[in-house]
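The structure under discussion appears below in the form of structure tokens.
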Amino acid sequence: MVTVATRFLSSLEQAFQPLLQTPQIRPALQHLGAGQRVIFHSLYAIYYLPLKAVIVRVLHGAA
């Protein structure tokens, strides 16, 4: 049985495929510190560091 969480993680993995090839495709957001970048997936903003392939934080966009 495929759960909602499993489907979400699968779609998230697909969203990250372009970043694996070209992690610096997104602009650096210096106001967040140390070259962090952001990619959006559904209602989530995912902040990452391109050189270390580290996800810094994941924020849901609901008000």
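Values below: all heavy atoms of this structure, side chains included; hydrogens, waters and symmetry mates excluded. If you're wondering where the values come from, they're calculated on a predicted model, not measured in any experiment. If you read the sequence from its start, that first residue is 1, and numbering goes on from there.
Rounding to the nearest 0.5 Å gives a distance of 8.0 Å between CD of Q36 and CG of L29. Rounded to the nearest 0.5 angstrom, Q14 CD and L9 CG are separated by 11.5 Å.
Closest heavy-atom contact between G35 and P50: O-CD, 3.8 Å.
Below 30°, between 30° and 60°, or above 60°: for H41 and F8 the angle between ring planes is between 30° and 60°, a tilted geometry.
Other residues, nucleotides and ligands place more than 12 heavy atoms under 6.0 Å from the CD atom of Q17.
Remark: side-chain polar atoms of T22 are not paired, donor with acceptor, to backbone N or O of I25 under 3.5 angstrom. For R37 (side chain) and R26 (main-chain N/O), a donor-acceptor pair under 3.5 Å exists by modelled atom type. Between the side chain of Y44 and the backbone N or O of I39 there is no donor-acceptor pair closer than 3.5 Å.
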| task | Tell me, with the steps shown, if Y48 and L19 meet side chain to side chain contact (heavy atoms under 4.5 Å, CB included). | result | CA-CA 10 Å; Y48 70 98; L19 292 179; 3.2 Å; yes
